[in-house]
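Scroll down for the structure; my scribbles are underneath it.
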Amino acid sequence: MIIKPLFSHGALPGYRLFFCVLAASALMFVDQHFTRMETVRAQLSMVVAPIQWVVSLPSDLLSWGTLALSDHQALLDENQRLREQMLTLSHRGQRIASLVSENAELRRLLNAAEYRDVEFISAELISLDNDPFSHQMVIDRGHRNGVYVGQPLIDAYGLVGQVTAVSAYSSRVLLLGDASHALPVRINRNGLRYIVQGSGNYDVLDVLHVPDTADVREGDLLTTSGLAGRFPAGYPVARITSVVHDPGEPFAQVRAEPMARLQRSRYFLLLFPQPLPSSQIAIWDASFALSYETLQGVLQVNGLFPLLANPSTMELP
């Protein structure tokens with residue numbers, strides 16, 4: 001059987017290449033601007049999932065073999081170390097339980113909203129993206145486990161990233177270090193709020209638009225602020241490693257190191273933050289309606305009213 005090459009040297013060698021480039025460009029455009037391709041991508045991910053599991057099988061077998069052949073004394077030492085760590089964490093947990101109870105009582109006295117526990121499920125790493133310019137990974141949880149796009153992911157040390165694509169059995173996660181990832185944070189010491197963005201490096205994050213006179217120090221812990229409603233408040237994100245003040249510049253150059261072990265962690269937790277209460281959503285809707293009516297009157301006076309759409313008919317992302 002003779003296999004005919006795709007790009008032959010016939011009379012019209014450029015048409016086939018042009019057709020392939022055109023088809024690839026059309027698929028990229030459709031995938032970027034329309035949501036129907038998400039279903040196609042999810043179905044293709046189901047086909048690729050067994051291949052991903054087979055590819056990760058050698059590393060799983062190696063880990064199992066290493067554990068099976070470990071020295072008996074090494075296992076005893078590790079067991080003792082884990083027992084000590086568990087005792088330390090138990091002591092901290094008892095202290096934290098007392099502080100949580102005290103905090104809840106104070107919030108009730110102030111008539112403030114109570115904090116709710118965040119539910120979670122465990123997840124394991126399947127594969128890492130080989131693209132050096134994109135920091136992404138695939139985990140072994142999907143639609144069947146309730147995973148959704150935008151869901152936050154943490155490891156034992158801090159925030160790892162968020163889910164960007166979900167199939168039936170696996171999900172793709174965008175890591176903190178990716179240059180396209182950003183999230184709102186607050187300094188744990190004084191409550192100042194900023195935006196942290198990835199730098200394309202696993203170990204470096206950029207803190208954006210920090211005024212030169214702001215009270216920011218090396219060693220400050222950055223935690224999730226809870227703004228925008230995607231990441232629950234209070235989870236460690238990064239620790240500031242450098243603050244550079246450039247004379248004449250309005251903003252300082254601030255960099256931080258992620259708390260999570262982005263290149264070493266294998267086991268993670270997918271968080272399920274509580275949705276916003278209906279009362280708060282009603283207040284926001286009333287505020288938006290009032291703002292719309294005010295802006296409507298201003299635009300009508302200036303003859304620009306037809307340019308403004310009614311927010312009640314708009315779909316928010």
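All heavy atoms count here, side chains included; hydrogens, waters and symmetry mates do not.
L227 is not connected to V207 by any chain of hydrophobic side-chain contacts under 4.5 Å among Ile, Leu, Val, Met, Phe, Trp and Tyr, and they are in different clusters. V243 and V210 fall within a single hydrophobic cluster, where Ile, Leu, Val, Met, Phe, Trp and Tyr side chains are chained together by heavy-atom contacts under 4.5 Å. The hydrophobic clustering, which links ILVMFWY residues whose side-chain heavy atoms are closer than 4.5 Å, places L159 and L125 together. L221 and V216 fall into different hydrophobic clusters, where Ile, Leu, Val, Met, Phe, Trp and Tyr side chains are chained together by heavy-atom contacts under 4.5 Å.
Listed by first then second residue, pairs satisfying salt bridge (Lys or Arg N to Asp or Glu O under 4.0 Å) with a partner in residues 203-217 read R189-D215, D206-R255, D215-R217, not counting sequence neighbours. Residue pairs satisfying the ring pair (Phe, Tyr, Trp, His ring centres under 6.0 Å) criterion with at least one member in residues 202-261, sequence neighbours excluded, are listed as follows: H135-Y202, H209-F251. Pairs engaging residues 159-170 under the salt bridge (Lys or Arg N to Asp or Glu O under 4.0 Å) rule: none recorded [sequence neighbours left out]. Legend: salt bridge (Lys or Arg N to Asp or Glu O under 4.0 Å) pairs involving residues 235-254, not counting sequence neighbours: none detected. Within the structure, the salt bridge (Lys or Arg N to Asp or Glu O under 4.0 Å) test picks out no pair touching residues 159-168 (sequence neighbours left out).
Distance CG/L87 to CG/L82: 12.5 Å, rounded to 0.5 Å. In this structure, CG in N201 is found 10.0 Å from CD in E257, a value given to the nearest 0.5 Å. The line from OG of S170 to NE2 of H143 is 10.0 Å long, rounded to the nearest 0.5 Å. A distance of 9.5 Å separates CZ of F268 from CD of E124, quoted to the nearest 0.5 Å. Here the straight-line distance linking atom CG of L106 with atom CG of L99 works out to 10.5 Å at 0.5 Å rounding. We find the CD-CZ distance between E78 and R81 to be 5.5 Å, quoted to the nearest 0.5 Å.
Between S122 and R141 the shortest heavy-atom distance is O-NE, 2.7 Å. Heavy atoms only, all atoms of each residue included: V118 and P232 are closest at CG2-CB, 4.3 Å. For T223 against G234, the heavy-atom pair with the smallest separation is CB-C, 4.1 Å. Between V254 and I240, the shortest heavy-atom distance links the atoms CG1-CG2, 3.9 Å.
Under the rule for a side chain to side chain donor-acceptor pair (under 3.5 Å), D140 has no partner lying at least two apart in sequence or in another chain. Considering only residues two or more places apart in sequence or on other chains, Q136 meets the side chain to side chain donor-acceptor pair (under 3.5 Å) condition with S134, R172. The side chain to side chain donor-acceptor pair (under 3.5 Å) check on S265 picks up D155, with sequence neighbours excluded.
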Using residues 179-186 as the side-chain source, report each donor-acceptor pair under 3.5 Å to any protein atom, sequence neighbours left out, with the distance given to one decimal.
{"unit_1": "S180", "atom_1": "OG", "unit_2": "D178", "atom_2": "OD1", "d": "2.5"}
{"unit_1": "H181", "atom_1": "NE2", "unit_2": "Q162", "atom_2": "NE2", "d": "3.1"}

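Looking at L222 and I187, their side chains come closer than 4.5 Å, going by heavy atoms from C-beta outward. Between S171 and V138 there is no side-chain heavy-atom pair separated by less than 4.5 Å. L176 places none of its side-chain heavy atoms less than 4.5 Å from the side chain of V160. Within the 4.5 Å cutoff, the side chain of P258 has heavy atoms near those of the L205 side chain. Side-chain contact between F272 and P152 is absent, with no heavy-atom pair separated by less than 4.5 Å. In this structure the side chain of L270 reaches within 4.5 angstrom of the side chain of V163, judged on heavy atoms. Using a 4.5 Å cut-off on side-chain heavy atoms (C-beta onward), M137 and L153 make contact.
Between the side chain of Q151 and the backbone N or O of Y148, at least one donor-acceptor pair lies under 3.5 Å.
In summary, the side chains of R107 and N103 do not present any donor paired with an acceptor at a separation below 3.5 Å, with no hydrogens or angles considered.
The hydrophobic cluster containing I96 also includes V100, under a criterion of side-chain heavy atoms closer than 4.5 Å among ILVMFWY residues, counted directly or through chains of members. L208 shares a hydrophobic cluster with I195; the chain of contacts runs through ILVMFWY side chains whose heavy atoms sit under 4.5 Å apart. As a member of the Ile/Leu/Val/Met/Phe/Trp/Tyr network built from side-chain separations under 4.5 Å, Y157 groups with nothing else and remains a singleton.
The environment of CZ in F120 is sparse: at most 12 heavy-atom neighbours from other residues, nucleotides or ligands sit within 6.0 Å. Residue E119 qualifies as open at atom CD: its count of foreign heavy atoms under 6.0 Å is 12 or below. More than 12 heavy-atom neighbours from other residues, nucleotides or ligands sit within 6.0 angstrom of CZ on R266.
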Given V173 and T164, is the side chain to side chain contact (heavy atoms under 4.5 Å, CB included) satisfied, shown in steps?
CA-CA 6 Å; V173 177; T164 56; over 6 Å; no
Start with the C-alpha distance between D220 and N188, add both sets of side-chain angles, then the distance that settles side chain to side chain contact (heavy atoms under 4.5 Å, CB included), and finish with yes or no.
CA-CA 7 Å; D220 279 344; N188 195 49; over 6 Å; no
